[in-house]
2 protein chains.
Amino acid sequence: MSVNIGIVDDVASNRNILKNKLLGHNHFEVTLTAANGKDFLKKMQLLDLELLPAVVLMDLEMPGMDGVDAITTGSFLYPAVKFVVLTIFDDEDKIFNAIKAGAFGYLLKDESGENIADMLWQMYESGAGPISPGIAHKILQMVQHNELTLTHKPEAAVQKTFFNLTERENEILELLVEGLMYREIGARLFISGNTVKKHVMNIYNKLHVNSRIQVIHLAHKKKFF
Amino acid sequence: MSVNIGIVDDVASNRNILKNKLLGHNHFEVTLTAANGKDFLKKMQLLDLELLPAVVLMDLEMPGMDGVDAITTGSFLYPAVKFVVLTIFDDEDKIFNAIKAGAFGYLLKDESGENIADMLWQMYESGAGPISPGIAHKILQMVQHNELTLTHKPEAAVQKTFFNLTERENEILELLVEGLMYREIGARLFISGNTVKKHVMNIYNKLHVNSRIQVIHLAHKKKFF
DNA sequence: CAGAATCTAATCCATAAGGAGTATAGCTTT
DNA sequence: AAAGCTATACTCCTTATGGATTAGATTCTG
C-alpha cells in the first residue's frame, strides 16, 4: 500500500522533479499538485476521499496565498493531513511561523538533497515529523538564546460535568463546536439530522443559550476543550 | 587529522561500547572518559591541552553530578567544547534543560543506534549540532503547543498576520465572533446589514471557511483572542 | 412493575445565514 | 489618468437554524 502525497510549489519544474523523486521510491503516490495555497485548498475540496494526501509538501513563498496561511487553514480543515514544509528559507521567523501554523516537519530543499523520500518514509516508521538537521539546529539555538522560553501551563482540569449534559449530548456538542451542520453530525453518528437537531435544542435549553455561537463561547470559557 | 572525543557515562560498559564504535570510524580519538559530571570536570583540568576533547558525549542521569550541571559548568569553562547529550531520556523538561545548559546536540541512545559516529561526523561537515529525529520532533511539538513562545517578538505578530484581513474586516470579525447577527453588527458600526454580510463573505473567502462557527474555531485555535 | 430519562425521528414555521452577482464612491498606487 | 483596492449597499435565491410540538423505542431506576 502506498502513501498519497500532495505537492504545493509555485515552480512547475520543482513540482515535477520532486514528483519523480517520490515516484522513484515506489512507496509514494502523488495525488495532488498545486501552485499556491489557494490552488491547493480548492483542489483539496474537489478531491476524492481516497485520493486525499496523507502528507503535503508545502513551499513557503508563493504568489497568491503563501505556505504559512495554507498550512494554517489546511491543518484546520484537514487535521489528519501532515504538512511538511519544503523550502529554501531557513530564517528563524519563517521556521517559527510555519511551526506555529501547524507544520509537522520542516525540510530544506538543498540540504535534503535526494533523500526527501527517505526522510518521508522514515517519518512513517517513527511517527516523528521530518526535520532537516540544519533546521533542528536553528530551533535548538533559538531555545538556547532565550528567544524561546518554556511556559508552564498545566492544562486546567477538564470540567467533567458540563451542565449535566448526557453522554450523547456531549458527543454532539463536540461536533457542533467543530462547525458541523445537523446533517453532518447525524452522518457521523449514524442518526438522523432531525434527531441531532432535537439534541441540540436540548443542549441549548440546558445551557440557557440559543445559538451555536453562544455555545462555543460558553464551552471555551469553561475550558471544556 | 582526527577529532578528540570525551565520553561521560556512569555505566562502564556504555563507555566502552561507545568508545569502540567511535574508534571503528577512525576519524575519532577518545581522549577522555568519565563516570559523572564531577569526574569529568576533574579530568578536564588535568588533561594535556592537545588531548582536550572537541566534543563531549554526555549522559544525563548520573550519580554525583548530573549531565545538565556538567554541561552548564563545562560550557562555561570550555566554550570551545561542544557538548552533545547522549541519553535514553526524551522527556520535555530534560530536553529543555539540557539545551538551556548549553548542549550543542541531543542524541537518543536507542534511536541513534550504530550511527552515532555518523551523526558526529555530519556535525563536523555541516557545523550544525546533531539532533535525533525524535528529539527534533519533540521540540517542534513543544513550540506548536505553546509551551515554547517567542519572547522577543510577542503576540502582536500573531494577531497582525491573521490572514491579511483589512482593518474593517478585523473589526467585523470580532463582532461576528461575539455572536451578533449581520443586522446587529451593522447597527454597531453604523453601516447596513447588507454591507456587513458582504464583508463577512470576504472574510470567509480569505480564511477559506464557510460558516461563523468555523471562523470562531479557527480564531480560537490561532489565539486571535 | 411503573415512571422517568434518554435517544430516536418527524413535522411546521419564521428567520438567519450562505452564495453569487452588480454597482458606486473614495482612496492609493503606478 | 488609469488601475486596484476597500468600503459601502443592494438584489435574488437556496439552505440552515432556531423554536415548538408530538411520539415511538429503549434503558435505567425506585
Side-chain angles (χ1 to χ4, degrees), chain A residues 36-38 41-46 63-66 69 73 76-77 160-220, chain B residues 159-220:
Chain A
N36 62 58
K38 262 209 165 64
L41 291 171
K42 195 160 62 185
K43 283 177 174 165
M44 284 289 279
Q45 280 194 313
L46 303 174
M65 183 191 232
D66 72 12
D69 280 357
T73 303
F76 166 70
L77 292 176
K160 203 163 185 201
T161 52
F162 192 66
F163 284 91
N164 298 319
L165 294 188
T166 68
E167 243 180 86
R168 197 53 153 175
E169 284 166 349
N170 267 306
E171 199 171 2
I172 286 172
L173 174 59
E174 268 185 52
L175 297 175
L176 189 73
V177 171
E178 274 184 36
L180 303 188
M181 300 186 305
Y182 296 140
R183 206 182 307 140
E184 293 173 323
I185 296 174
R188 287 227 197 158
L189 302 180
F190 305 104
I191 59 178
S192 153
N194 289 316
T195 304
V196 175
K197 183 174 176 175
K198 176 63 180 162
H199 283 303
V200 170
M201 290 305 147
N202 289 337
I203 293 173
Y204 286 179
N205 281 329
K206 286 190 180 177
L207 305 194
H208 304 288
V209 298
N210 46 23
S211 82
R212 307 156 97 83
I213 293 109
Q214 290 178 305
V215 168
I216 293 189
H217 272 127
L218 196 60
H220 269 116
Chain B
Q159 276 200 15
K160 280 254 158 68
T161 54
F162 195 70
F163 286 97
N164 299 319
L165 294 189
T166 67
E167 253 181 73
R168 197 53 153 176
E169 285 167 349
N170 266 306
E171 200 172 0
I172 286 173
L173 174 60
E174 270 185 50
L175 297 174
L176 188 74
V177 171
E178 275 183 34
L180 303 189
M181 299 185 303
Y182 296 139
R183 207 183 303 140
E184 294 173 322
I185 295 174
R188 286 228 199 159
L189 301 180
F190 306 105
I191 59 178
S192 154
N194 288 316
T195 304
V196 174
K197 184 172 176 174
K198 177 66 179 164
H199 283 303
V200 170
M201 289 305 149
N202 289 337
I203 293 173
Y204 286 0
N205 280 329
K206 286 190 180 177
L207 270 53
H208 286 89
V209 297
N210 44 25
S211 81
R212 310 155 94 81
I213 301 100
Q214 289 182 308
V215 168
I216 295 185
H217 208 112
L218 192 58
H220 266 117

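Order of the sequence lines sets the chain letters (A, B, ...), proteins ahead of strands, with each chain counted from 1. Worth saying up front: this structure is predicted, and the values here are computed from it rather than measured.
- Cation-pi geometry between A/Arg188 and A/Tyr182 is not met: the NZ or CZ atom fails to fall both under 6.0 Å from the ring centre and inside 45° of the normal.
- The backbone N or O of A/Glu171 lies less than 3.5 Å from no partner atom in the side chain of A/Glu174, so there is not a single donor-acceptor pair.
- Minimum heavy-atom separation, A/Gly179 to B/Ser211: O-OG, 4.5 Å.
- Scanning DNA chain C 5' to 3' for nucleotides with an atom closer than 4.0 angstrom to a non-hydrogen atom of chain A gives a first and last hit of C/dT6 to C/dT11.
- Taken to the nearest 0.5 Å, the NE2 atom of A/His199 stands 12.5 Å off from the CE atom of A/Met201.
- Across all non-hydrogen atoms, the minimal contact from A/Arg168 to A/Leu189 is NH2-O, 3.6 Å.
- Of all heavy-atom pairs spanning A/Ile216 and A/Val177, the tightest one is CD1-O, 3.9 Å.
- Counting all heavy atoms, side chain and backbone alike, A/Glu178 lies closest to B/Ile213 at C-CG2, 4.3 Å.
- Looking at every heavy atom in both residues, A/Asn170 comes nearest to A/Leu165 through ND2-O, 3.6 Å.
- Heavy atoms of B/Met181 sit under 4.0 angstrom from primed sugar atoms or phosphate atoms, though from no base atom.
- A donor-acceptor contact shorter than 3.5 Å links the side chain of B/Arg212 to the backbone of B/Leu180.
- For the segment residues 185-196 of chain B, the set of residues with a heavy atom within less than 4.0 Å of an atom of DNA chain C is empty.
- The two atoms that bring B/Gln214 and B/Asn210 nearest to each other are OE1-OD1, 2.6 Å, heavy atoms only.
- Read 5' to 3', the first and last nucleotides of DNA chain D with an atom closer than 4.0 Å to a heavy atom of chain A are D/dA16 to D/dT22.
- Projected onto DNA chain D by closest heavy-atom contact, A/Leu176 and B/Glu167 fall at different nucleotides, the more 5' of which corresponds to B/Glu167.
- Comparing B/Glu169 and B/Ile213 along DNA chain D, the residue whose closest nucleotide (by nearest heavy atom) sits nearer the 5' end is B/Glu169.
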